[in-house]
Every structure is written in structure tokens, then in C-alpha cells.
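Here is the structure we will look at.
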Amino acid sequence: MASSATPPQPSGSTNFIKQIIEADIASGKNNGRVATRFPPEPNGYLHIGHAKSICLNFGLAKEFGGACHLRFDDTDPAKESMEYVESIQQDVRWLGFDWQGRRFFASDYFEALYDFAVSLIRRGKAYVDHLSADEIRDYRGTLTAPGRNSPYRERSIEENMELFQRMRAGEFRDGECVLRAKIDMASPNIVLRDPTLYRIKHVHHYRTGGTWCIYPMYDFTHCLSDMMEGITHSICTLEFENNRALYDWVLGALETPCHPQQIEFARLNLSYTVLSKRKLIELVERGIVSGWDDPRMPTISGYRRRGYTPEALRSFCDRIGVARADSTVDIGLLEHCLREDLNKRAPRFMAVLQPLKVTLVNYPEGREEELEAVNNPEDPSMGSRRVPFSREIYIEREDFLEDPPRKFFRLAPGREVRLRYAYFIRCEEVVKDPTSGEVTELRCTYDPTTRGGDAPDGRRVQGTLHWVSAAHAAPAEVRLYDHLFMRENPGEVEEGRHFTDYVNPGSLKVLQGCRVEPSLANAAPGSHCQFERIGYFCADPKESRPGRPVFNRSATLKDTWAKIAKQVKGR
RNA sequence: UGGGGCGUCGUCAAGUGGUAAGACACAGGACUUUGGUUCCUGCACUCGGAGGUUCGAAUCCUCCCGCCCCAGCCA
């Protein structure tokens with residue numbers, strides 16, 4: 001079955017960031033050099049919103065002959081761990097990107113950052129504040145009212161130097177004091193009202209252990225990390241727009257030799273799902289999903305397990321574009337990208353999800369034969385395989401209707417259809433359970449002259465059904481996934497409701513007792529395929545076993561009949 | 001109602017004073033041994049609204065309206 005290995009290609013389309021970079025190169029800024037970075041905090045798993053950022057940053061570097069760094073923004077020891085670092089690396093690699101050894105950790109800069117903080121104090125631009133967190137909030141003012149200066153704001157440089165050293169030395173408890181930038185408590189931009197630069201946390205850090213008890217804040221760390229790494233374009237999402245003034249202030253105050261440019265773009269929103277880390281954590285912790293890699297999750301690991309390919313995710317990221325307008329992308333586009341990719345590459349198989357037994361009454365008992373089936377009509381180089389056929393087969397329950405509506409092309413009493421790659425069959429008799437009335441078996445005749453699927457007399461049938469030979473088919477478990485939420489925008493919560501109220505109860509349907517053609521019995525975990533007429537599936541990477549395959553539905557095929565059926569029914 | 005942003009087809013999104021790309025979705029049709037794929041056709045006389053400048057405005061100006069972000073010792 002198909003596996004993925006195609007490397008990323010430049011996208012060809014344009015966006016405002018490319019235009020900025022092109023202008024910078026044209027003007028000789030940074031000597032024409034381009035360096036970007038993808039800077040996740042290792043406190044959770046990556047989701048498709050991160051994929052947008054990864055494709056953007058690595059894509060830009062590739063397109064302009066630059067480098068893209070992978071940097072872990074690990075300045076909050078309470079939430080971070082190596083487990084997350086590893087999963088993030090795995091996901092970035094799986095997406096097809098290579099940081100070429102340029103992996104950095106903000107925590108590796110703690111000493112340098114400390115020195116920068118000392119330098120700021122020496123310049124009279126930072127001070128140690130003994131106000132409590134509550135007091136600081138109080139002094140900050142509001143959106144419409146200016147803040148007030150802290151009573152500790154005018155401490156001498158010497159005193160601040162000593163105090164900051166003592167902070168580092170562990171002489172204060174958590175929250176007792178902080179280091180603040182001395183900017184402007186009346187600034188209309190609240191970010192600039194003497195922001196906190198360092199806080200005290202007597203907490204073990206997953207990399208630096210107990211070495212530090214003071215940790216730098218994002219705004220202080222990020223710009224300096226970018227600067228030290230020689231990043232030219234520091235691309236982040238829109239909510240950091242107000243922070244840009246502080247980014248520039250820190251680098252300006254320290255008179256750093258270079259000054260990366262922060263550029264913001266709109267984060268991704270996807271219909272029928274949530275993309276905020278907080279909400280994803282809640283889904284995992286409350287057991288609403290089975291974990292970060294539940295195939296319904298919009299995480300990279302969830303999509304991987306669902307059967308999405310890196311190519312499909314990258315194609316999606318290319319197509320959605322990069323702009324500054326808040327937007328919500330139709331999840332249908334993501335599904336389209338997967339189908340587009342898998343249509344070309346996924347080998348086809350026959351699998352019957354809800355079996356209905358069919359006995360071919362005129363087919364000799366005990367006889368078996370093998371029929372040739374094409375592996376992928378889109379790609380002749382993928383060849384063909386042989387599929388066993390016999391007197392008893394299974395077809396899909398929904399491919400038979402005793403009383404078919406208009407435009408139903410499938411099997412019905414007295415009607416003739418084609419079994420794919422096999423024979424025409426005609427339904428002669430319907431066997432029902434005498435008590436429940438449920439159809440338990442169809443007795444059909446087959447036309448031996450139609451072997452392979454064509455009638456020598458030229459007669460046509462309207463429907464072609466997939467099937468498996470009852471004696472040869474392998475049992476399988478199949479998991480059908482649908483949108484995790486019933487609402488297009490589950491983040492928009494009504495009064496008195498919670499976003500989890502909108503979880504789609506039908507987002508997972510587990511089907512036992514499915515029957516798949518024998519060649520699927522030992523499907524390699526993680527491999528992709530198409531079940532003809534049904535959809536694209538992936539052998540579950542974690543739980544599928546040789547002989548006991550488990551398949552996840554990655555996406556349905558377009559179902560024109562479902563649309564028609566709705567219309568027919570509506571009349 | 002402080003400051004910073006953003007409003008172009010149902011959804012994304014190009015467009016940068018010269019007369020509205022493309023994609024998804026949707027609707028028709030052709031082909032078809034997957035009601036799949038593919039192919040063809042249609043789908044914004046108008047760019048949040050109102051004025052103004054101009055021979056000419058989605059692009060420039062003015063006012064208005066709507067939405068998003070910021071008051072963590074999170075990132």
C-alpha cells in the first residue's frame with residue numbers, strides 16, 4: 001500500500017510576506033540573506049495551525065535560499081517537557097521539513113539572556129519591582145485609563161543590580177519580586193506599560209533542571225533569541241501584533257547589532273473543529289477523544305493516524321494562502337486535498353463494511369476462480385492483482401433495496417447489476433428472517449458469459465457493486481470518522497453552553513465484522529488504500545495487526561448517490 | 001468608550017489608479033466496470049456603507065458601520 005515520501009515544493013503563489021522579503025532582497029537588506037524560524041513552546045502537540053506556520057517558515061527559507069531554524073521557546077518550566085519536544089520534532093519531520101541541524105532552545109540562552117537583562121539594568125532601563133502580581137495589575141491601569149508608576153520604579157541602578165543578582169541566587173520566593181522594563185506606564189499600548197521581563201519560579205526545568213529559579217518572559221526572550229540566531233524575518237500570528245512594539249523596544253534599548261523584523265499573519269481556523277491548545281487539552285483530559293493522536297483531532301499526529309498524508313497537509317497549507325484577515329477555512333478543502341493526493345496514489349481494494357450474503361445459485365458448489373482487478377485506474381504502473389471468487393459472496397447491505405426509489409442503480413429483486421471485475425448477477429429471491437423480517441440472504445443467478453464484467457451481447461447494467469468472496473474474505477474492524485463537532489464554529493458558544501456540548505456523537509462509528517479481500521488481511525500499519533466505492537482508509541498505525549486489520553476512514557469518496565437520494569426522498 | 005489590526009463570490013484568496021485571477025463549494029452536461037476520477041459549462045456589472053478626487057477607483061481622500069487583538073509574574 002502507499003507510503004509518502006514526496007519532498008515539499010515551492011508553492012508558486014504569492015502573499016504579502018513574500019512581497020516583503022522580495023523587497024528586502026531587492027534593497028539589499030540583510031545582504032539578501034533570509035532566515036526564519038518555527039518557534040513552538042514544547043507544552044503540547046502540534047496541530048494543523050502549526051502546520052500552516054511550519055509550511056510558511058520552512059517554505060520561505062527554501063524559496064529564498066535561506067535557512068529555517070527549529071527553536072523551542074521553553075521559558076515556562078511549569079508546562080514544558082521533553083515528550084513534547086520529541087513529538088514536535090517527529091511531526092515537523094513527518095511533514096517533510098528538515099531544520100538541517102539548526103535546532104535551538106531558548107533555555108540554552110538563559111545565561112546570555114541574563115546578561116542582556118543586566119545590561120538593560122545598567123542602562124537604567126529595567127528595575128526590580130516588589131509589587132505583588134495583584135498590585136501590578138492594579139497599577140497597570142485599564143484599556144482607557146493610564147497606569148501609575150510603581151513605587152520601586154526609581155531604584156538606583158546599583159540597587160537593581162544587587163536585587164537582580166539576589167533574584168537569580170534564589171534569595172526570594174516565587175512572586176516576591178520581578179524584573180520590569182522601564183518604558184511608559186501611560187502608553188496607550190498596554191504591552192509597553194513596564195512589562196515583566198523576569199519572574200521567579202522555583203520550578204524544575206526539563207532541560208536546565210534546578211540551575212535557574214528566574215525565568216525570562218516571552219517578550220524578552222523571543223526578540224533576543226531571533227537576534228542571536230540571525231533571524232531576518234520573525235513571522236508570528238496576529239495576536240502578537242501589539243507585542244511588536246516591545247520586540248522592537250528591547251532590541252533598540254540594547255542596541256543590538258541586528259534587528260529582525262516581526263511580521264504577523266492570521267492564524268488558521270477550520271470549520272467544524274477547534275484549534276486552540278486549551279480546548280484540545282480539554283478534549284484529551286476529559287476523555288472525549290482517546291488522546292492527542294485520536295484520528296478526529298486536528299493535531300498533526302491525529303491526521304497522521306487518520307490517514308492524511310504530508311503531501312495533502314502541505315497542499316492544503318499552500319492553497320489557504322497567508323494574509324492578515326481573520327478567516328475560517330472550510331474543512332472540505334482539507335478533505336479535497338487528501339482525496340486529490342490519494343486518488344493518484346492509493347491502491348484500490350474491495351471491502352464490505354456491512355455484509356449481506358449473496359448465494360449464486362447457478363454457480364457450481366466448491367468451485368473457485370481468481371479474477372483480475374486493477375490496482376489503480378489512475379496509474380497503470382501500479383499493476384493488477386487477482387481476487388478470489390466463489391459461490392457465496394458478500395455485498396454491501398445498502399447496495400440492495402427491496403423497494404428501490406427512483407434513480408437507485410443498485411441491486412433489487414429481479415434486477416441485474418455487475419460485480420466489479422466479475423460477473424453480472426440477477427437477484428432472483430430474497431431470503432428474510434421469519435420473525436424480524438430482516439433480509440438475511442439474496443439468492444442470485446450469475447451470467448457466466450459476463451466474466452470480467454462485460455456482456456458479449458452488449459447489454460448494459462446501471463450499477464457496479466463491490467464484493468468479497470465469503471470463504472476467502474478476511475474479517476476486519478473499520479472505524480468511520482466524521483467531523484468532531486456538529487457546529488461549523490464550535491468556538492462560538494451560546495449562553496450557558498460549553499464548546500464540548502457541540503461534540504458530534506456520531507464522530508466515531510466502529511464497525512466489527514467487516515469483510516475485506518484477502519490481500520488486505522496483512523495491511524501494513526499506516527498504509528493507505530481506497531476501498532472502492534466507499535472511501536480512503538488507513539490501516540491504524542497503532543492497533544492494526546497482521547490477520548486482525550483495523551482500518552480508519554481517512555475520507556469518504558464523493559457520494560453523488562447520497563445527494564440524489566436526498567433529493568428523491570425530498571419529493 | 002484608549003491603542004493596534006482587519007473587511008473583495010457560500011468559504012479561502014489574488015489584485016498595489018487602467019476597467020474583478022485562481023481554488024474549494026455549488027449547479028448543469030459529457031465520459032465511466034468505483035453514482036469515484038477526468039473533461040466541459042455556469043457561478044462578484046462589483047469589492048462593508050455613504051460621499052469625494054480623477055478621463056478612469058476594490059486600489060487615493062473623508063466620514064460612518066462591523067469584526068478581531070491587548071489590562072498573565074502564559075506564549
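Everything numeric here is computed off the predicted structure, so don't read it as measured data. Sequence lines set the chain letters: A, B, ... in the order given, protein chains first and strands last, and positions in each chain run from 1.
- Stacking annotation: A/W561 is stacked on the base of B/G35 (ring centroids less than 5.5 angstrom apart, interplanar angle below 30 degrees).
- You won't find any donor-acceptor pair under 3.5 Å spanning the side chain of A/D559 and the base of B/G36, going by distance alone.
- At a threshold of 4.0 angstrom between heavy atoms, the contacts of A/R348 include nucleobase atoms, whether or not backbone atoms are also involved.
- Between A/S13 and the phosphate of B/G22, there is no side-chain N or O to OP1/OP2 separation shorter than 4.0 Å.
- Looking at heavy-atom distances under 4.0 Å, A/Y215 makes no contact with the nucleic acid at all.
- In this structure, CG of A/D318 is placed 14 Å from C1' of B/C12, rounded to the nearest angstrom.
- When rounded to the nearest whole Å, the span between CZ of A/R324 and P of B/C12 equals 17 Å.
- Rounded to whole Å, the C1' atom of B/C73 lies 27 Å from the corresponding atom of B/C68.
- Contact annotation for A/K344: no contact, since no heavy-atom pair falls under 4.0 Å across all strands.
- By the 6.0 Å and 45° rule, A/R553 does not stack over the aromatic ring of A/Y536.
- Closest contact between the side chain of A/T464 and the listed nucleotides B/C74, B/C70, B/U34 involves B/U34.
- Remark: B/G36 base-pairs with no nucleotide; criterion is Watson-Crick or G-U wobble with both hydrogen-bond distances under 3.5 Å.
- Near RNA chain B, meaning a heavy atom under 4.0 Å from it, residues 195-205 of chain A has A/T196, A/R199, A/K201 in order of number.
- Across all non-hydrogen atoms, the minimal contact from A/A106 to A/D74 is N-OD1, 3.3 Å.
- With B/G36, B/C74, B/A13 as the candidates, the nucleotide lying closest to the side chain of A/A323 is B/A13.
- In the set B/G36, B/C69, B/G35, B/C69 carries the atom at the smallest distance from any side-chain atom of A/E239.
- OP1 or OP2 of B/C24 has at least one side-chain nitrogen or oxygen of A/H336 nearer than 4.0 Å.
- Atom-to-atom, CG of A/N243 to P of B/G72 comes out at 13 Å; the value is rounded to the nearest Å.
- Distances shorter than 4.0 Å separate none of the side-chain N or O atoms of A/Q262 from OP1 or OP2 on B/G4.
- Remark: B/C43 base-pairs with no nucleotide; criterion is Watson-Crick or G-U wobble with both hydrogen-bond distances under 3.5 Å.
- Following rounding to the nearest Å, A/I48 (CD1) and B/C12 (C1') show an atom-to-atom distance of 13 Å.
- A/L465 comes within contact range of no nucleotide atom at all, as no heavy-atom separation falls under 4.0 Å.
- The side chain of A/P188 sits closest to B/G2 out of B/G2, B/A13, B/C74.
- Here the nucleotide nearest the side chain of A/N15, chosen from B/A14, B/C73, B/A23, is B/A14.
- Comparing B/U34, B/G2, B/A75 by their closest approach to the side chain of A/F240 singles out B/A75.
- Between the CZ atom of A/F265 and the P atom of B/G5 there is a distance of 18 Å, rounded to whole Å.
- Across all strands shown, A/N242 has heavy atoms under 4.0 Å from base atoms, whether or not it also approaches the sugar-phosphate.
- Aromatic rings from A/H130 and A/F172 are positioned such that their centres are separated by under 6.0 Å.
- Residue contacts shown for A/E41 are limited to sugar-phosphate atoms, with no base heavy atom under 4.0 Å away.
- Side-chain atoms of A/E241 and base atoms of B/G3 include no donor and acceptor less than 3.5 Å apart.
- For the 3.5 Å distance criterion, the side chains of A/Y218 and A/D76 fail to qualify, holding no donor opposite an acceptor.
- Stacking of A/R71 on the aromatic ring of A/F104 is not recorded, the 6.0 Å distance cut-off and the 45° axial limit not both being met.
- Checking A/S53 against A/N57 by side-chain atom types alone, a donor-acceptor pair falls below 3.5 Å.
- Ring pair A/F531/A/F551 is perpendicular by interplanar angle, where above 60° counts as perpendicular and below 30° as parallel.
- The structure places SG of A/C317 at 6.0 Å from CD1 of A/I48, a figure rounded to the nearest 0.5 Å.
- Under 4.0 angstrom from either OP1 or OP2 of B/C26 there lies at least one side-chain N or O belonging to A/K563.
- A/R418 comes within 4.0 angstrom of a nucleotide base, judged by non-hydrogen atoms across all strands.
- In this structure, B/G72 shows a glycosidic angle within 90 degrees of zero, which is the syn conformation.
- Side-chain proximity of A/V178 to the nucleotides B/C73, B/C24, B/C70 is greatest for B/C73.
- Look at CZ on A/F349: it is 18 Å from P on B/U34, rounded to the nearest Å.
- Among the protein residues, A/V417 comes within range of no part of the nucleic acid, since none of its heavy atoms lies under 4.0 Å from any strand.
- Using N1 to N3 plus N6-O4 or O6-N4 for Watson-Crick, or N1-O2 and O6-N3 for G-U wobble, each under 3.5 Å, B/U62 pairs with B/A50.
- Residue A/D330 places its side chain closer to B/G10 than to any other of B/C12, B/G10, B/G36.
- Per the geometry, OH belonging to A/Y421 stands 8 Å off P belonging to B/U34, to the nearest Å.
- For A/R137, a side-chain nitrogen or oxygen approaches OP1 or OP2 of B/G72 to under 4.0 Å.
- Using a 4.0 Å heavy-atom criterion, one finds that A/S132 contacts the bases of the nucleic acid, with or without backbone contacts as well.
- At a threshold of 4.0 angstrom between heavy atoms, the contacts of A/L557 include nucleobase atoms, whether or not backbone atoms are also involved.
- Distances shown here put a side-chain N or O of A/R140 below 4.0 Å from the OP1 or OP2 atom of B/C73.
- Heavy atoms of A/I331 sit nowhere under 4.0 angstrom from any nucleic acid atom.
- One atom, CZ of A/F531, and another, C1' of B/G36, lie 15 Å apart when rounded to the nearest Å.
- A donor-acceptor pair is defined here as one N or O able to donate and one able to accept, closer than 3.5 Å; such a pair exists between the side chain of A/H205 and the backbone of A/R207.
- If you look at A/F389 and A/Y423, their ring centroids are closer than 6.0 Å.
- Set against B/U34, B/C6, B/A75, the side chain of A/E532 has B/U34 as its closest nucleotide.
- Under 3.5 Å, the side chain of A/Q530 and the base of B/U34 form at least one donor-acceptor pair of N or O atoms.
- Two rings, from A/Y109 and A/F116, have their centers 6.0 Å or more apart.
- Looking at heavy-atom distances under 4.0 Å, A/T75 makes contact with sugar-phosphate atoms alone, never a base.
- As judged by a 4.0 angstrom heavy-atom cut-off over every strand, A/N43 is placed among residues making no nucleic acid contact.
- Counting non-hydrogen atoms under 4.0 angstrom, A/R193 reaches nothing in the nucleic acid.
- Residue A/T560 places its side chain closer to B/G35 than to any other of B/G35, B/G3, B/C73.
- With hydrogens and angles left out, the side-chain atoms of A/R385 and A/N375 include a donor and acceptor closer than 3.5 Å.
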